[in-house]
Amino acid sequence: MNKSSSEPLFAYSSVEERTFFVDLILPIPVPRLFTYRVQREMNGLIKIGARVIVPFGKSRVMTAVVASLHNQPPQNYQARYVLELLDEYPLVTGYQLQLFDWMSTYYMCCVGEVLNVALPSGLKITSQSKVQYNPDFDYPELLTEQEAALIDELRKQPALSYEEVGRLVGEINVPTLIKSLVGKRAVIVFDEVKEKYVPKMVRKVRLNPRFEDPEELVALIHRLEKLPKQQEVVMRYLSHVPLQRSPALNQIGLDKTLLNKDDELSSSSLATLIKNGVFDTFELIQPRFSQTFAPQGEIKLTSAQQAASDQVMGHFADKDIVLFHGITGSGKTEVYIDLIQKVLAGGSQVLYLLPEIALTTQIVVRLQKVFGDKMGIYHSKFSDNERVEVWKGIVSGQYQFVVGVRSAVFLPFDNLGLIIVDEEHETSYKQHDPAPRYHARDVAMMMAHWQQAKVLLGSATPSMESYYQAKQGRYGLVELFQRYGDANLPFISLIDVKKERHQKTMKNEFSSVLYQALSDNLERGEQSILFQNRRGYSPYIQCEDCEWIGQCPNCAVSLTYHQRAAELRCHYCGHKELVPKLCPVCGSTKVKTVGYGTEKLEDQLQILFPDARIQRMDLDTTRAKNAYQQIIQEFETGNVDILVGTQMITKGLDFGNVSLVGIFDADRIIHFPEFRATERAFQMMTQVSGRAGRRADRQGRVLIQTANPTQAVLAKIIDNDYHALYSDEIVERQNFNYPPFSRLIKLTVRHTDQRISKRAADKLRLDLADKLGDERVLGPEEPLVERVRNQFLFDILIKLEREKINFKAVKAFIQECITNILTDKGLRQVSIVIDVDCL
DNA sequence: AGCACGCCGACT
DNA sequence: GTCGGCGTGCTC
């Protein structure tokens with residue numbers, strides 16, 4: 001039966017007949033590669049970086065990427081065969097493989113985990129098991145009633161997936177049922193492997209080629225004289241495709257939808273014409289970004305921008321990385337465009353990274369105007385197929401330039417000349433949740449280094465890390481302090497809410513000053529933005545009689561009250577519950593909301609300014625696919641007077657008519673319990689302030705509500721004095737040995753039993769401190785929220801000075817300590833999350 | 001990760 | 001007596 005096993009052994013000894021093996025990266029969190037055999041007929045075809053399909057374990061089929069080819073059979077086991085080769089040409093470049101490898105060591109995770117986030121899921125493969133009736137089956141008496149019914153159904157159909165079987169038999173255990181049937185040899189199970197990526201097709205029509213002859217065409221039109229509807233369809237086609245001028249245009253044809261768009265009559269006429277052979281139909285793969293933008297002319301740089309661009313180029317002569325510090329509104333984008341054009345003209349590729357939220361906005365439109373459809377966009381709100389198209393477009397050379405989010409650092413560039421990391425300080429560049437917990441800025445630098453590309457970091461408020469490197473001379477530094485078109489910097493003032501509360505001049509959360517400013521703005525028909533970095537109605541509800549507070553059953557946080565949805569929600573695990581009418585503890589009716597979020601502000605505003613058009617923008621209002629852009633557009637067109645929002649309103653929005661920005665709860669931002677709090681506060685408030693007065697004709701106003709106007713950061717924010725912030729903050733960092741003077745690695749121990757969690761964390765700390773020393777290992781400490789999804793957490797922070805440390809050895813040691821915990825009988829069920837360079 | 005194997009409780 | 005819970009270990 002098995003042909004290969006009956007082949008004589010000596011057949012293999014003939015000259016070049018070596019059996020090849022491949023080492024594969026599988027998209028699973030197992031810290032090693034897997035060796036497979038390659039069928040002889042695949043020998044010359046399989047290449048490093050190509051995808052293959054392989055059997056894995058007892059019942060799985062997976063896509064993997066070839067990491068290496070060799071001919072050393074494994075020592076202790078029999079390698080299995082590669083089932084299929086998916087790519088004739090490598091889909092993953094050598095640089096990417098190098099990157100995967102580097103990331104897995106640097107961020108202490110498995111290559112498989114890296115592969116998992118690197119590859120858009122459209123390039124992975126789903127294997128679906130299908131069930132088929134076994135035609136040789138002849139013992140129906142063995143079957144239960146239910147099985148017999150299913151077999152009857154299966155006889156009528158070619159093959160069913162598990163889900164389809166499930167639908168047929170109802171809510172029962174499908175795998176068990178099928179297993180039983182397989183045992184009785186009534187059915188056969190097989191795997192159908194299919195690519196998830198489906199190219200988008202357009203249905204097109206064109207005239208039958210014989211009508212490309214003008215005489216035939218004229219004759220046709222005459223013939224249709226008595227069939228006016230059909231004639232009209234032909235005429236409409238000709239108006240879109242002027243055959244008279246060039247018969248060749250017929251080959252390109254016309255979208256079918258364009259011919260029968262408005263009425264059913266024309267579509268039935270078209271159908272007749274197709275049936276009679278007047279029109280031919282055909283299908284074409286449509287590139288997804290084909291809005292054929294004609295690149296629109298040159299952009300004009302101001303002299304300051306031109307100077308900045310020249311300085312950047314100058315630094316690139318001897319520095320690989322340049323930090324571009326340009327205040328908000330200084331027009332950094334134009335400088336980027338100038339540089340991108342230069343690099344593209346030199347024949348190299350360019351990657352432009354933006355934080356998630358900033359990417360949906362005007363910047364992309366602006367870039368698209370300049371670069372047209374030569375520019376790829378890589379964004380998580382795009383469908384997977386679109387991501388695959390960008391990936392393939394880079395491999396094929398269609399895209400030389402891509403704008404993208406964090407994960408765009410994984411794209412298969414092989415000739416990068418420049419990577420721009422815009423809003424370099426943004427924390428969303430750091431991936432938090434699934435491993436690899438990478439920082440896209442740092443990964444980009446690594447990639448650039450290998451490809452000898454330059455990196456440009458841009459920010460109005462650079463991270464301490466980057467600015468320090470620049471000051472040390474490791475990065476080039478270019479600073480631009482002039483606002484574009486001479487727009488004035490906004491005038492920032494502080495409002496003492498403590499005083500106002502005392503004087504009883506507050507209207508709910510609004511100080512009289514802010515209230516007055518808002519109402520003036522409304523009168524003038526100018527727009528305002530209000531910033532409160534907290535969504536929901538209020539952060540918690542409390543019983544006034546017994547002080548009970550609504551808590552999440554799974555996490556150690558209070559539940560946020562969402563009035564619109566009339567429910568309490570946990571912002572950590574997503575738990576939802578109804579709002580209790582009475583206090584669940586004492587039965588009191590005095591359950592009150594405490595504190596305020598965007599939803600409450602929106603509410604209060606509506607009461608204070610009944611005629612104002614108010615829009616809220618936060619996670620809750622932007623969940624739907626295009627909601628974000630819709631809100632922005634509404635605001636841009638002036639259909640909204642006041643925009644209330646969280647973080648997301650701070651990013652790169654550029655509105656001409658905003659002359660007032662109000663910031664709530666500055667104190668909570670400043671006193672966030674974290675060593676970066678001051679830096680964050682400065683960045684956040686400066687960023688929002690930048691939304692005000694982006695025009696030359698008037699100065700914008702920013703009002704910050706605080707209970708303590710004397711706080712040092714506030715003065716720096718008012719003066720827009722980044723340098724003062726830097727020089728004060730860097731001293732703090734040095735004193736307490738925080739980044740950029742050290743590197744941090746955070747280990748989080750998790751378990752459902754708090755005692756086990758604590759024991760594991762204590763032991764881990766002890767093991768680590770044994771070699772690293774007490775001063776380098778901090779904790780274990782309960783994080784701010786010590787319980788999430790019913791798991792108890794403990795953090796251990798490892799602080800490593802930058803000089804004289806062998807990081808590789810230290811990481812190996814940390815890994816060893818973790819393995820040590822995970823092999824301990826009593827503690828092995830804990831999970832330990834490693835976060836290198838945690839923020 | 002996912003899946004099979006294996007060893008203990010509450011049900012027909 | 002079985003079904004099914006999830007602890008443990010392995011996957012080339």
Side-chain angles (χ1 to χ4, degrees), chain A residues 4 19-39 42 46 48 50-85 100 104 107-119 121 123-129 144-147 162-163 169 171-180 182-183 189-191 193 431 433-437 750-753 756-757 760 789-791 818-834:
Chain A
S4 62
T19 311
F20 274 86
F21 292 89
V22 279
D23 286 346
L24 303 180
I25 306 172
L26 294 178
I28 47 165
V30 177
R32 71 195 125 117
L33 299 179
F34 289 85
T35 307
Y36 282 80
R37 284 178 78 173
V38 177
Q39 231 113 30
M42 234 183 255
I46 197 163
I48 289 174
R51 292 171 307 150
V52 291
I53 295 174
V54 290
F56 187 70
K58 278 219 151 174
S59 56
R60 277 193 293 169
V61 175
M62 281 200 280
T63 329
V65 170
V66 179
S68 70
L69 303 168
H70 58 88
N71 51 9
Q72 292 139 21
Q75 304 275 292
N76 328 309
Y77 57 88
Q78 184 71 43
R80 297 171 80 177
Y81 275 107
V82 169
L83 294 179
E84 228 176 300
L85 176 60
F100 296 168
S104 68
Y107 290 108
M108 302 178 73
C109 65
C110 309
V111 232
E113 291 174 308
V114 181
L115 183 71
N116 232 349
V117 298
L119 239 42
S121 53
L123 289 177
K124 296 171 208 163
I125 290 276
T126 43
S127 82
Q128 222 187 1
S129 293
T144 66
E145 209 173 297
Q146 189 175 39
E147 288 172 350
Y162 274 49
E163 290 109 68
V169 298
E171 293 296 311
I172 62 142
N173 195 336
V174 178
T176 321
L177 174 69
I178 291 173
K179 213 163 141 190
S180 154
V182 171
V189 173
F190 64 95
D191 279 323
V193 180
Q431 169 143 323
D433 202 16
R437 299 180 169 74
R750 301 188 317 196
H751 194 268
T752 45
D753 184 331
I756 294 178
S757 193
R789 289 168 207 273
N790 278 324
Q791 299 248 323
I818 290 172
T819 319
N820 191 20
I821 298 289
L822 263 24
T823 47
D824 184 309
K825 274 196 295 293
L827 308 172
R828 61 180 5 151
Q829 314 94 317
V830 299
S831 62
I832 298 173
V833 172
I834 312 172

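Quick note on labels: first sequence line is chain A, next is B, and so on, each numbered from 1.
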task: Give a yes/no answer on whether the side chain of A:Y77 brings an N or O atom under 4.0 Å of OP1 or OP2 in C:dC12.
output: no

message: Whether the A:R80 and A:Y36 side chains hold a donor-acceptor pair (N or O, under 3.5 Å, no angle test) is what I'd like checked.
response: no

task: Could you say whether A:P29 or A:K58 is positioned toward the 5' end of DNA chain B, judged by the nucleotide with the nearest heavy atom to each?
output: A:P29

task: For A:R32 and C:dC10, give me the distance from atom CZ to atom P, rounded to whole Å.
output: 10 Å

message: Minimum heavy-atom separation for A:G826 and A:I756, please, with both atom names.
response: O-CG2, 4.1 Å

task: Pick base, sugar-phosphate or nothing for A:F56, based on heavy-atom distances below 4.0 Å to the nucleic acid.
output: base

query: Rounded to whole angstroms, how far apart are CD1 on A:I25 and C1' on C:dT11?
result: 17 Å

task: Give the rounded distance in Å between these two atoms: CZ of A:R37 and C1' of C:dC12.
output: 12 Å

message: As a test of reading the structure: which of C:dC12, C:dT8, B:dA1 is closest to the side chain of A:Q829, going by heavy atoms?
response: C:dT8

statement: Which of A:Q72, A:H70, A:R32 passes side-chain hydrogen bond (donor to acceptor under 3.5 Å, both in side chains) with A:D23? It is A:H70

field: Value in whole Å for how far the P atom of C:dT11 lies from CD of A:Q78
entry: 14 Å

- line: Atom CG of A:L83 and atom P of C:dT11 are separated, to the nearest Å, by 18 Å

- line: Taken to the nearest whole Å, CZ/A:R80 to C1'/C:dT11 is 9 Å

query: Out of C:dG9, C:dC12, C:dT11, which has the shortest distance to the side chain of A:R828?
result: C:dG9

For atom CG of A:N76 and atom C1' of C:dT11, their distance in whole Å: 14 Å

statement: Heavy atoms of A:R37 and A:F21 approach each other most closely as CG-CE2, 3.1 Å

- request: May I have the distance from A:L33 (atom CG) to C:dC12 (atom C1'), rounded to whole angstrom?
  value: 10 Å

